[in-house]
Amino acid sequence: MPRVGVLALQGDVREHVSMLEGLDVDVVRVRHPEDLDTLDGLVLPGGESTTIAYLLNSSGIRPVLEEKITSGFSVMGTCAGLILLSSEILGGRSDQWCFGALDIAVRRNGYGRQIASFESPVNVAGVGTVPGVFIRAPKIERCADGVEVLATLDHGDGEHPVLVRHANVWGCAFHPELTQDSRVHQLFTDSL
Ligand code: GLN
């Protein structure tokens, strides 16, 4: 059974944990660098990317996770987690860093602020239609050639990727953990 961590520094940790608990995996909350030791994969949740970035530094997790991702460790970032995995943040804070694990540019709150949050069906390649919950979601505005686009959405200004993957790194602009549909998590855990 794969052991899957949920980065438990800030954000919707509980929702990811309960979704993963419904799948065939061992779930571990990650708060310290050593929690990463025995894992097969890690979910970076939604929340506030600047806060999670700050806590990744203060917890000492950042360099350890960076090294692991470079060595092929599997990660899936949702919403704020996607921002953290990207290589370029548009509209971020001037001192905001990211792992650069996915060669994409994301615009923070690219679909609008909290009040503009919305739900929309999302058609995921090889899976079918899943409910997409977008809350202050990042918009993927540039996607490098090697990045596989598994789902796009047109929210009135053309198609933008909302679920992407490059090898061991997965990024999702919406919140599958806030629905009853576990197929996006399943896609990730099946790859471990
Ligand atoms: N806009 C938030 C950020 O920049 C992310 C929102 C979310 O994760 N729901 O961190």
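Whatever order the structure lists them in is the order used to number ligands and atoms, beginning at 1.
Of all protein heavy atoms, the one closest to atom 10 (O) of ligand 1 is S49 N, 2.5 Å. Annotation: atom 7 (C) of ligand 1 to nearest protein heavy atom, C79 SG, 2.8 Å.
Contact of the L150 side chain with the V127 side chain is not registered, since no non-hydrogen atoms from C-beta on lie closer than 4.5 Å. Contact annotation: the side chain of T152 never approaches that of V162 to less than 4.5 Å [non-hydrogen atoms, C-beta and beyond]. Side-chain contact between L84 and L56: present, with at least one pair of heavy atoms (C-beta onward) separated by less than 4.5 Å.
Distances below 4.0 Å separate heavy atoms of G46 from the following atoms of ligand 1: 8 (O). Near I83, the atoms of ligand 1 lying under 4.0 angstrom from a non-hydrogen atom of the residue are 3 (C), 4 (O). If you number the atoms of ligand 1 from 1 as listed, the ones under 4.0 Å from a heavy atom of G47 come out as 2 (C), 5 (C), 6 (C), 7 (C), 8 (O), 10 (O). The contact set between ligand 1 and R108, taken as ligand atoms under 4.0 Å from a residue heavy atom, comprises 3 (C), 4 (O), 10 (O). Counting atoms of ligand 1 from 1 in the listed order, those under 4.0 Å from a heavy atom of N109 are 1 (N).
By the criterion of a heavy-atom distance under 4.0 Å, neither the backbone nor the side chain of T78 is placed next to ligand 1.
Under 4.0 Å is where a charged nitrogen must lie from a carboxylate oxygen, and between R108 and E48 at least one such pair does.
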* For side-chain contact (heavy atoms from CB on, under 4.5 Å), just list the numbers for R29 and V13, CA-CA rounded to whole Å, side-chain angles, deciding distance to a tenth of an Å, and then say yes or no. => CA-CA 8 Å; R29 283 178 172 78; V13 175; 4.3 Å; yes

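With ring centers used as reference points, H16 lies under 6.0 Å from H185.
Within a 6.0 Å sphere centred on CG of D154, heavy atoms belonging to other residues, nucleotides or ligands number more than 12.
Taking any N or O of R136, backbone or side chain, at least one lies under 3.5 Å from an N or O belonging to ligand 1.
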